[in-house]
Amino acid sequence: MSNYVEMWKSLGMDLESHDSLCQVLPTAFGDVFLSQDNRPKGMNFWDMVVAEIHGIRPAELIEAQKQGRKVFGTFCVYVPDEIVLAANGIVTGLCGGSQFWVPGGEKVLPKATCPLIKASVGARLDRTCPFFRIADMYVGETTCDGKKKAWEILGQDVPMHIMDLPQMKRPQDLEKWTLEIANFAKVVEETTGNKITVDSLQAAIRTVNEKRKALARVYAARQALNLPISGKDALLVTQIAFFDDPVRCAQMCDKLADELEERIKNGVSVFPKGTKRLLISGTPLAIPNWKLHHLIETSGAAVVCEEMCTGTRYFENLTDESQTTLEGQFRALAERYMKTNCACFTPNTGRIDDIIRLVKEYKADGVIDVNLKFCCLYDIEGYKVEKALKDAGIPVLGLETDYTDADAEQLRTRIGAFVEML
């Protein structure tokens, strides 16, 4: 990515530290992904994106800014991309999935904070993530206490808008979330200088729906008995979807899905017959956090589905496209996003229902419920998840981990024993 040095300089990045990250990533990617046999040819696109992850897309965003467009950096699947797109803005995910950024976050955050939050803050403060440097505004939400306080730090030198997500799903909570979306629309209009209209929001809703449909096609291929794609590759597709242009993302996912469906017809599988199928649930796995998938898929099992924000929660449920007023569209968006079952809600029985449903749809032999260390929401909810799965006769293994490799062999032993038990 040497061709982007001048761009990184212009963004005020710490080039020496960033070089350290750029030197490590290709080796890690090669070990995890390029070592696989019989990968779909369609994965070449995502391989290219990762190879230039801090170059190609950041350069596109900067060029768009030169044309007057605004870039919004987001952290969560509850932020409605449709609102930003309707005002001719651009949405991008932000860095937060590597141990490389954690020490920077620990300079201002307690060590007993989840690695996702520490990595995000560290990526910004240490100036080693171009997406954090490019964004004109960050959009946060109130899904956990750690994030709520982190927003105060991240918002010190970049405009920060925080959406107050209700913690229950009563009728009055839906009304409140609808109002939050309407207020967000006003902020986006002020930031971009563009008015959101019924037509522009309708077009944006359709664009994001098409992206969701395309991702759903890739996932649906994983329901086949002969798996045409590994769990690692499917995870990578979802992770990159947070950063990519939504139209291009849909096109590339549809192209990949075409290949996967053809592979299914021809009986092509990337795993031996009889390989145990696992569903992973729990906290999100932000790029480049591929540790758990790699451990599972080098321990004799295959990951067939992710019930997490970097998984089914991201694309399931479409937004109603039939509304003809902005108020109706805001309500439709609120209804769609409130269907997502995050552990921040109480009660959250819908998530357990989702896991059991997905186990059946993806023909999973067992579930691994994973929790990032110090994420108390998913850690506490793990008790109910594991109990419900055991009551339903579904084998389950609860794991806690972070971004380091210190626990890799311990995890491999536990995963291997679980697969053997299956």
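Just so you know, these numbers use all the heavy atoms, side chains as well, and skip hydrogens, waters and symmetry mates. Just so it is clear, the structure is predicted and the values come from calculations on it, not from any experiment.
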Participant: Compare every heavy atom of F271 with every heavy atom of L227, then report the nearest pair and how far apart it is.
Facilitator: CD1-CD1, 3.8 Å
Participant: Would a 4.5 Å heavy-atom cut-off, applied to side chains only, mark N44 and D47 as touching?
Facilitator: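 Yes, at least one pair of side-chain atoms sits under 4.5 Å.
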Participant: Quick one: pull up CG in L179 and CZ in F330 and give me the separation to the nearest 0.5 Å.
Facilitator: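 One finds 10.5 Å between CG of L179 and CZ of F330.
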Participant: Look up atom CG in L326 and atom OG in S200, then write down how far apart they are to the nearest 0.5 Å.
Facilitator: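 Answer for the CG-OG pair, L326 versus S200, is 7.5 Å.
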Participant: Can a donor-acceptor pair be found, under 3.5 Å and without considering hydrogens, that links the side chain of D320 to the backbone of S322?
Facilitator: yes
Participant: Is it the case that the side chain of Q239 and the backbone of L285 share a donor-acceptor pair, with hydrogens and angles ignored and the cut-off at 3.5 Å?
Facilitator: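 Yes, Q239 side chain to L285 backbone: donor-acceptor pair under 3.5 Å.
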Participant: Side chain of K9, backbone of L15: donor and acceptor closer than 3.5 Å?
Facilitator: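 Not at all, since once roles are kept as given, no pair shorter than 3.5 Å links the two residues.
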Participant: Kindly say whether L372 contributes a backbone atom to a donor-acceptor pair with the side chain of T283 at under 3.5 angstrom?
Facilitator: yes
Participant: Determine if the SG-SG distance between C95 and C129 falls under 2.5 Å.
Facilitator: yes
Participant: Can you tell me if CD on Q167 sees more than 12 non-hydrogen neighbours from other groups inside 6.0 Å?
Facilitator: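 Yes.
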Participant: What is the distance from atom CD of E381 to atom CD of E386, rounded to the nearest 0.5 Å?
Facilitator: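 The distance works out to 11.5 Å.
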Participant: Would you please test D369 and L399 for side-chain contact (heavy atoms from CB on, under 4.5 Å) and show each step?
Facilitator: CA-CA 6 Å; D369 189 48; L399 294 177; over 6 Å; no
Participant: First locate atom CZ of F131, then atom CG of L11, and finally report the distance between them rounded to the nearest 0.5 Å.
Facilitator: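 Here the rounded value is 10.5 Å.
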Participant: Please determine, by modelled atom types, if T319 and R206 share a side-chain donor-acceptor pair under 3.5 angstrom.
Facilitator: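 Checked: T319/R206 side chains show no N/O donor-acceptor pair below 3.5 Å.
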Participant: Counting N and O atoms only, with roles assigned by atom type, does the side chain of R124 sit under 3.5 Å from a partner on the main chain of F132, one being a donor and the other an acceptor?
Facilitator: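 Yes; judged by distance alone, with no hydrogens or angles, the pair exists.
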Participant: Starting from the C-alpha separation in whole Å, work towards a yes-or-no answer on side-chain hydrogen bond (donor to acceptor under 3.5 Å, both in side chains) for T404 and D402.
Facilitator: CA-CA 6 Å; T404 70; D402 57 17; 2.9 Å; yes
Participant: Does a side-chain N-to-carboxylate-O contact under 4.0 Å join K186 and E190?
Facilitator: no
Participant: Between D258 and R217, is there a side-chain N and carboxylate O pair less than 4.0 Å apart?
Facilitator: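 The answer is yes: the pair qualifies as a salt bridge.
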Participant: Determine whether D126 and W101 make a side-chain contact, defined as any pair of heavy atoms from C-beta on separated by less than 4.5 Å.
Facilitator: no
Participant: For the pair K147 and E141, find out whether any cationic side-chain nitrogen is under 4.0 Å from an anionic carboxylate oxygen.
Facilitator: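 Yes, charged N to carboxylate O under 4.0 Å.
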Participant: Any carboxylate oxygen within less than 4.0 angstrom of a Lys/Arg side-chain nitrogen, looking at R357 and E361?
Facilitator: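 A salt bridge links R357 with E361.
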Participant: Do the rings of F29 and W290 sit parallel, tilted or perpendicular, given the 30° and 60° boundaries?
Facilitator: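 Ring orientation, 0 to 90° scale: perpendicular.
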Participant: Output yes when K169 and D173 qualify as a salt bridge under the 4.0 Å nitrogen-oxygen rule, no when they do not.
Facilitator: no
Participant: Checking side-chain contact (heavy atoms from CB on, under 4.5 Å) for the pair I53/I240: CA distance, chi angles, key distance, verdict?
Facilitator: CA-CA 9 Å; I53 195 162; I240 296 298; 4.1 Å; yes
Participant: Is it true that D365 and K360 make a salt bridge, defined as a side-chain N closer than 4.0 Å to a carboxylate O?
Facilitator: no
Participant: I'd like to know whether the aromatic ring centres of F33 and W46 sit less than 6.0 Å apart in this structure.
Facilitator: no
Participant: Could you please spell out the steps behind the side-chain contact (heavy atoms from CB on, under 4.5 Å) verdict for M163 and C76?
Facilitator: CA-CA 10 Å; M163 301 186 72; C76 183; over 6 Å; no
Participant: Salt-bridge test for E52 and R57: reply yes if a basic N is under 4.0 Å from a carboxylate O, no otherwise.
Facilitator: no
Participant: Can you check whether W177 reaches L165 side chain to side chain, under 4.5 Å on heavy atoms?
Facilitator: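 Contact flag for W177/L165 side chains = yes.
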Participant: Does some side-chain heavy atom of Y138 sit less than 4.5 Å from a side-chain heavy atom of L154?
Facilitator: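 Counting from C-beta outward, L154 and Y138 do come under 4.5 Å.
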Participant: Is there side-chain contact between R336 and R212, with at least one heavy-atom pair below 4.5 Å?
Facilitator: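 Counting from C-beta outward, R336 and R212 do come under 4.5 Å.
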Participant: Looking at A241, is its backbone amide N or carbonyl O close enough to the side chain of K211 to form a donor-acceptor pair, meaning the two atoms are under 3.5 Å apart?
Facilitator: yes
Participant: Under a 4.5 Å cut-off applied to non-hydrogen side-chain atoms, are R263 and S269 in contact?
Facilitator: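 No, their side chains stay 4.5 Å or more apart.
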Participant: Looking at every non-hydrogen atom in both residues, tell me the closest pair between E189 and I196 and how far apart they are.
Facilitator: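 Reported closest heavy-atom pair: OE2-N, 2.8 Å.
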Participant: Can you check whether Y362's main-chain N or O pairs, donor with acceptor, with R277's side chain at less than 3.5 Å?
Facilitator: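 Between the backbone of Y362 and the side chain of R277 there is a qualifying donor-acceptor contact (under 3.5 Å).
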Participant: Minimum heavy-atom separation for K232 and V32, please, with both atom names.
Facilitator: NZ-O, 3.0 Å
Participant: Over all heavy atoms of both residues, which pair between L125 and G104 is shortest? Give the atoms and the distance, please.
Facilitator: CD1-O, 4.5 Å
Participant: What's the spacing between L292 CG and L278 CG if we round to 0.5 Å?
Facilitator: 9.5 Å
Participant: Which pair of non-hydrogen atoms, one from H293 and one from V303, has the smallest distance, and what is that distance?
Facilitator: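 Of all heavy-atom pairs spanning H293 and V303, the closest is NE2-CG1, 3.5 Å.
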Participant: Determine, for Y403 and K291, whether the Lys NZ or Arg CZ falls below 6.0 Å from the six-membered ring centre while staying within 45 degrees of the axis.
Facilitator: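 No; the conditions do not both hold, so K291 does not lie above the ring face of Y403.
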Participant: Do V188 and H161 have side chains that get closer than 4.5 Å, going by heavy atoms?
Facilitator: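 When only atoms from C-beta onward are counted, H161 and V188 do not touch, as no gap falls below 4.5 Å.
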Participant: Go through the steps to decide whether T142 and D164 satisfy the test side-chain hydrogen bond (donor to acceptor under 3.5 Å, both in side chains), and finish with yes or no.
Facilitator: CA-CA 5 Å; T142 55; D164 188 11; 3.1 Å; yes
Participant: If I compare all heavy atoms of C305 with all of R222, which pair ends up nearest, and what's the gap?
Facilitator: N-NH2, 3.4 Å
Participant: Is the closest side-chain heavy-atom distance between L397 and V367 below 4.5 Å?
Facilitator: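 L397 does not reach V367 side chain to side chain.
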Participant: Assess whether side-chain contact (heavy atoms from CB on, under 4.5 Å) is satisfied between E60 and R248, documenting all intermediate values.
Facilitator: CA-CA 13 Å; E60 289 180 345; R248 178 172 58 207; 2.8 Å; yes
Participant: Is there a side-chain hydrogen bond (donor to acceptor under 3.5 Å, both in side chains) between Y337 and E82 once you walk through the steps?
Facilitator: CA-CA 11 Å; Y337 281 90; E82 295 90 340; 2.6 Å; yes
Participant: If we ignore hydrogens and angles and just use 3.5 Å, is the side chain of Q202 paired with the main-chain N or O of E321 as donor and acceptor?
Facilitator: yes
Participant: Under 3.5 Å, is there a donor-acceptor pair between the side chain of D14 and the main chain of S17?
Facilitator: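 Flag set: sc D14 to bb S17 pair under 3.5 Å.
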Participant: Measuring from atom CD of Q65 to atom CZ of R69, what distance do you get when rounded to the nearest 0.5 angstrom?
Facilitator: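 CZ of R69 is found 10.5 Å from CD of Q65.
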Participant: Answer yes or no: is there a donor N or O on one side and an acceptor on the other, between the side chain of E259 and the main chain of K41, under 3.5 Å?
Facilitator: yes
Participant: Looking just at side-chain N and O atoms, do Q36 and S230 make a donor-acceptor pair shorter than 3.5 Å?
Facilitator: yes
